[in-house]
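Written below as structure tokens is the structure these notes are about.
Just so it is clear, the values below take in all heavy atoms, side chains as well, and ignore hydrogens, waters and symmetry mates. The sequence lines fix the lettering, A, B, ..., with proteins before strands; numbering per chain opens at 1.
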Amino acid sequence: MFYQPLSAASIRRFCQNQKFLVQHAVCKGDGSIKQSHPGNAAFADESYLCCSQKIKMFNKRTRIKELLAQEPAGQEVTVMGWVRTFRNNQFIALNDGSTNNNIQVVVTLGSQDDDFLKRITTSASLKVTGTVVPSLGKGQRMDLNATRIEILGDSDAEIYPLQPKKHSLEFLREIAHLRFRTNTFGSVFRVRHALAFAIHKFFNDKGFVYMHTPIITASDAEGAGEMFKVTTLPFDDTPRNEEGAVNFAEDFFGKATNLTVSGQLEGELGATAFGDIYTFGPTFRAENSNTTRHLAEFWMIEPEMAFSDLEDNMNLAEEFIRYIIRYAMDNNREDLEFLAQRLAEEEKQLPQEKRGELGLIEKLEFVLNNDFERITYTEAIDILRESNYNKKKKFQYPITGWGMDLQSEHERYLVEKHFKKPVILSNYPKEIKAFYMRQNEDGKTVAAMDILAPGIGEIVGGSQREERFEKLLSRMKDMHIPEEELWWYLDTRRFGTVPHAGFGLGFERMVQFVTGMTNIRDVIAFPRTPGSAEF
RNA sequence: UCCUGCUUAGCUCAGUUGGUUAGAGCAUCUGACUGUUAAUCAGAGGGUCGCUGGUUCAAGUCCAGCAGCAGGAGCCA
């Protein structure tokens, strides 16, 4: 079905022409049908028209991406889009977001009056009907010789902020609502879409169940980070209990609630019934993190697999990452090539040692064609200790020995200097990892794994989960995790527990890796960061 | 949260040792031209130099505080 707001006059005209069969007058607002009177405009005033797809649609248009793939043979088409540039009062570069490539609309000299031409400004929206012919110019294969141009929406050039020139990413962030109309963000968000689609396809093809874990959670025991509180309690005159603490018994849910920091614990409930599940949804962290790779609201993918161990987990993660990169390479080649060029130009500004050794496309191909390096935490410490970097005391944080937490400079050294490819680090000391990770036989380490990617750092964090009830419970006690709050989680270990494993992958970091964008705020439509929730 | 840097026209940036009326390119507007490729050419308009206070005869320039932005660190995905 297709909906289009129309003026009463347009509706009357369409109905009189009988080109369109008006099936329903649809009430504005909620979209519910108010009247059903074929061909009668009287009921459609200030309403939305709803036309059946079988009937000729008002907006029957050819996407510019599809048009550019055709042979120019004099065929008549209608395209709609936004003006990128208007040169010479004659050539309109029109873009509709289906591709970065524009269709060149040619306006015959003298066919339009000057006042009309002056309204063809950057980002004005047009409906153009014309014939497609081979271009006389050199920059493009085809021209659309316009026979009819309709301005759908004017764009005041004096105040429209985007210009046909290079803008800084910082400036575009301030106009995030318009930045999709640039080539860079067009490509980034088409690739983002492709990756999201590929994720669902990958898991669906493998028989995983897509599970919707809650956004609002009551447990604050996960320890994954600071949480945003969810409450309907008043800020002034907040109800208090006898001890003077906020009385959440009076709150909406009757208890304290937060936005989720992870769907993992709920995911484990699904995995211990369906076998294999995955989640893909928004996640929230109230950490005061101001970096190029943290967001307060981000999207996370969390598969969880029953009857699996750490190695199965690593295998899945590696296959998964390859699959979605391959999908983007196969389906968004043009966008990736544009982004590769953009990145190459950006890196020209940097000193030699800060530039990537490979171009974006080469980097992605390298990841597709080479196995990830798999090493244990213990091996990593040895490599770092023996490195020239350490001997020359180039690390800001010295390698103190086994048991230390790795700093990002250490991870970067392993990934970018030593192995020069993605690295899967496993079997960390239990002291520096979460309570639910499975304890290894050595009594010192847990079956955890992180995947580190060049330029991004940690992209995946996962583990085999502790399926043994007693071990899990004693670990929770050690770490002061209240078991009464997680009674439901512990039930999976009480009733038919199985070895299982899973991981979390930060979607935006993956999009960063694939698009080469260096700031995470440029791969999510409307970034939420400390002090910033515009749009 | 900590460290560092930045803030001058719509955008990207110059602005010397503190010294006359703060400049450029692009954009915008007006006009010209017309097969252009971020078109070109000519002209015009556009500034509380982030904010507050201080030093000085004199501050865009020096000092302090605050704010915003960016990069790095921590936390992590």
Side-chain angles (χ1 to χ4, degrees), chain A residues 83-93 101-110 114 117-118 121-122 133-140 143 145 155-175 182-183 222-226 261-264 282-302 317 350 354 395-397 405-412 432-434 450-453 456-462 503-513 518-524 529-532 534:
Chain A
V83 175
R84 282 288 174 84
T85 64
F86 184 29
R87 292 181 293 265
N88 232 354
N89 262 3
Q90 207 180 160
F91 303 99
I92 303 167
N101 298 317
N102 306 318
I103 181 73
Q104 172 156 285
V105 175
V106 180
V107 184
T108 310
L109 279 171
D114 279 2
L117 292 178
K118 277 183 182 162
T121 53
T122 306
V133 297
S135 179
L136 300 175
K138 282 182 183 152
Q140 56 285 316
D143 286 345
N145 283 338
S155 173
D156 186 343
E158 287 201 59
I159 51 176
Y160 183 68
L162 285 170
Q163 302 155 19
K165 62 171 267 192
K166 214 178 191 110
H167 287 293
S168 67
L169 295 173
E170 290 86 350
F171 172 66
L172 292 172
R173 237 169 264 153
E174 292 170 14
I175 48 165
T182 64
N183 284 336
E222 292 161 55
E226 286 295 312
V261 291
S262 165
Q264 182 202 313
T283 312
F284 308 87
R285 305 270 168 94
E287 306 282 351
N288 191 5
S289 297
N290 293 287
T291 76
T292 54
R293 56 192 185 284
H294 287 89
L295 291 165
E297 176 182 292
F298 65 100
W299 287 64
M300 190 153 63
I301 298 106
E302 294 178 290
L350 297 175
K354 288 211 172 175
F395 287 126
Q396 192 190 337
Y397 294 85
D405 210 348
L406 296 181
Q407 306 293 322
S408 30
E409 60 171 342
H410 305 139
E411 297 178 349
R412 288 183 95 126
I432 59 175
K433 287 291 178 183
D450 285 352
I451 300 184
L452 311 176
I456 313 288
E458 187 177 342
I459 198 165
V460 164
F503 63 83
L505 179 142
F507 184 49
E508 282 75 19
R509 290 191 183 172
M510 194 68 217
V511 181
Q512 274 189 282
F513 184 74
T518 49
N519 193 315
I520 201 165
R521 291 161 213 159
D522 297 328
V523 299
I524 189 166
T529 52
S532 172
E534 195 63 61

What nucleotide, of B:U36, B:A77, B:A73, holds the atom closest to the side chain of A:Arg285? B:A77
A:Gln396 CD to B:C2 P, straight-line distance once rounded to whole Å: 17 Å
Closest listed nucleotide, where the reference is the side chain of A:Thr291 and the choices are B:C75, B:A39, B:A77: B:C75
Interatomic distance, A:Asn102 CG vs B:U36 P [rounded to whole Å]: 18 Å
Suppose you measure atom P in B:A67 against the same atom in B:C26; what distance do you get, rounded to whole Å? 39 Å
A:Ile92 has an atom CD1; how far is it from atom P of B:U36, in whole Å? 17 Å
With sugar-phosphate meaning primed atoms plus P, OP1 and OP2, does A:Phe284 contact a base, only sugar-phosphate, or nothing at under 4.0 Å between heavy atoms? nothing
Spell out, as yes or no, whether a donor-acceptor pair under 3.5 Å connects the side chain of A:His410 to the backbone of A:Gln407. yes
Taking B:C49 as the reference, what is the distance to B:A44 when you measure between their P atoms (whole Å, please)? 24 Å
Students often get this wrong, so: under 4.0 angstrom with heavy atoms, is A:Asn519 touching a base, only sugar-phosphate, or nothing? sugar-phosphate
Could you check if a side-chain atom of A:Asn145 sits within less than 4.5 angstrom of a side-chain atom of A:Val133, using non-hydrogen atoms only? yes
So, is A:Thr292 near the phosphate of B:G71, with a side-chain N or O under 4.0 Å from OP1 or OP2? no
A:Trp299 and A:Thr283: CA distance, side-chain angles, deciding distance, side-chain contact (heavy atoms from CB on, under 4.5 Å) verdict: CA-CA 6 Å; A:Trp299 287 64; A:Thr283 312; over 6 Å; no
Are A:Asp522 and A:Gln512 close enough that some pair of their side-chain heavy atoms sits under 4.5 Å apart? no
Indicate whether OP1 or OP2 belonging to B:G35 is found under 4.0 Å from a side-chain N or O atom of A:Ser135. no
Report yes if some heavy atom in the side chain of A:Thr85 is under 4.5 Å from a heavy atom in the side chain of A:Phe91; otherwise report no. no
Kindly give the heavy-atom pair with the smallest separation between A:Ser135 and A:Gln140, and that separation in Å. OG-NE2, 3.0 Å
Take atom CD of A:Glu297 and atom P of B:A77, then tell me their distance rounded to the nearest Å. 17 Å
Looking only at B:A77, B:A38, B:U36, the nucleotide nearest the A:Pro164 side chain is B:A38
Answer yes if the side chains of A:Asn183 and A:Arg84 hold a donor-acceptor pair under 3.5 Å, and no otherwise. yes
Does A:Arg293 place a side-chain N or O at less than 4.0 Å from the phosphate oxygens OP1/OP2 of B:A73? yes
Residues from residues 503-512 of chain A sitting under 4.0 Å of RNA chain B, heavy atoms only? A:Gly504, A:Gly506, A:Arg509
Considering only atom C1', compute the distance from B:G25 to B:A32 and round it to an integer number of Å. 22 Å
A:Phe298 side-chain proximity, nearest of B:U1, B:A77, B:C75: B:A77
Summary of protein contacts for nucleotides 4-14 of chain B, nucleotide by nucleotide, where a base hit scores B, a sugar-phosphate-only hit scores S (4.0 Å, heavy atoms): ------BBS--
Shortest non-hydrogen pair, A:Glu287 vs A:Glu226, comes out as OE2-N, 2.9 Å
Could you tell me whether the phosphate oxygens of B:A39, OP1 or OP2, come under 4.0 Å of any side-chain nitrogen or oxygen in A:Arg84? no
Give A:Ile159 one of three labels, base, sugar-phosphate or nothing, depending on what nucleic acid heavy atoms sit under 4.0 Å from its own. nothing
Taking only the P atom of each, what is the distance from B:A24 to B:A14 in whole angstrom? 16 Å
Check against side-chain contact (heavy atoms from CB on, under 4.5 Å), A:Asp156 and A:Thr121: CA-CA 7 Å; A:Asp156 186 343; A:Thr121 53; over 6 Å; no
Stem regions touching RNA chain B, defined by at least 3 consecutive Watson-Crick or wobble G-U pairs below 3.5 angstrom: B:1-7 with B:67-73, B:10-13 with B:23-26, B:28-32 with B:40-44, B:50-54 with B:62-66
Which heavy atom of A:Ser155 sits nearest to which heavy atom of A:Thr122, and what is that distance? OG-O, 2.9 Å
OP1 or OP2 of B:C69 versus the side-chain N and O atoms of A:Asn290: is any pair under 4.0 Å? no
Rounded off to whole Å, could you give me the CG-to-P distance for the A:Leu162 and B:A38 pair? 17 Å
Identify the pairs formed between an N or O of the protein and an N or O of nucleotides 31-33 of chain B at a distance under 3.5 Å, and give each distance.
{"residue": "B:G31", "atom": "OP2", "partner": "A:Lys118", "partner atom": "NZ", "Å": "3.3"}

Base, sugar-phosphate or nothing for A:Ser289? Non-hydrogen atoms, less than 4.0 Å. base
A:Ile175 has an atom CD1; how far is it from atom C1' of B:C69, in whole Å? 15 Å
Does either side chain, that of A:Glu302 or that of A:Ser262, offer a donor lying less than 3.5 Å from an acceptor on the other one? yes
Measure from the side-chain heavy atoms of A:Arg87 and tell me the nearest of B:G71, B:U37, B:G74. B:U37
Considering only atom C1', compute the distance from B:G50 to B:G60 and round it to an integer number of Å. 12 Å
Check A:Lys433 with A:Asp450, please: is the shortest side-chain N to carboxylate O separation under 4.0 Å? yes
Which of the following nucleotides, B:G71, B:G35, B:C75, is nearest to the side chain of A:Gln90? B:G35
Provide the distance between the two P atoms, one in B:U61 and one in B:U56, to the nearest whole Å. 16 Å
Using modelled atom types and a 3.5 Å cut-off, is there a donor and acceptor pairing between side-chain atoms of A:Asn88 and backbone atoms of A:Gln90? no
In whole Å, measure the gap between the C1' atoms of B:G23 and B:U40 for me. 24 Å
Out of curiosity, A:His294 NE2 to A:Arg509 CZ, how far, rounded to the nearest 0.5 Å? 5.0 Å
Who passes ring-ring contact (aromatic ring centres under 6.0 Å, His included) against A:Phe503, sequence neighbours left out? none
Atom pair distance, as rounded to whole Å: CD1 in A:Ile520 and P in B:C75: 17 Å
How many Å lie between CG on A:Asp450 and P on B:C75, as a whole number? 12 Å
Whichever of A:Asn288 and A:Arg521 has its nearest RNA chain B nucleotide further upstream toward 5': A:Asn288
How would you list, by chain and number, every residue that makes a ring-ring contact (aromatic ring centres under 6.0 Å, His included) with A:Tyr397, sequence neighbours excluded? none
Looking at B:A70, B:G35, B:C76, which one has an atom nearest to any side-chain atom of A:His294? B:C76
Using the P atom as the reference point in each nucleotide, state the distance between B:G10 and B:G45 in Å, no decimals. 16 Å
Show your reasoning for whether side-chain contact (heavy atoms from CB on, under 4.5 Å) applies to A:Met510 and A:Ile459. CA-CA 7 Å; A:Met510 194 68 217; A:Ile459 198 165; 3.7 Å; yes
Would you indicate what A:Leu109 reaches in the nucleic acid, counting non-hydrogen atoms under 4.0 angstrom: base, sugar-phosphate, or nothing? sugar-phosphate
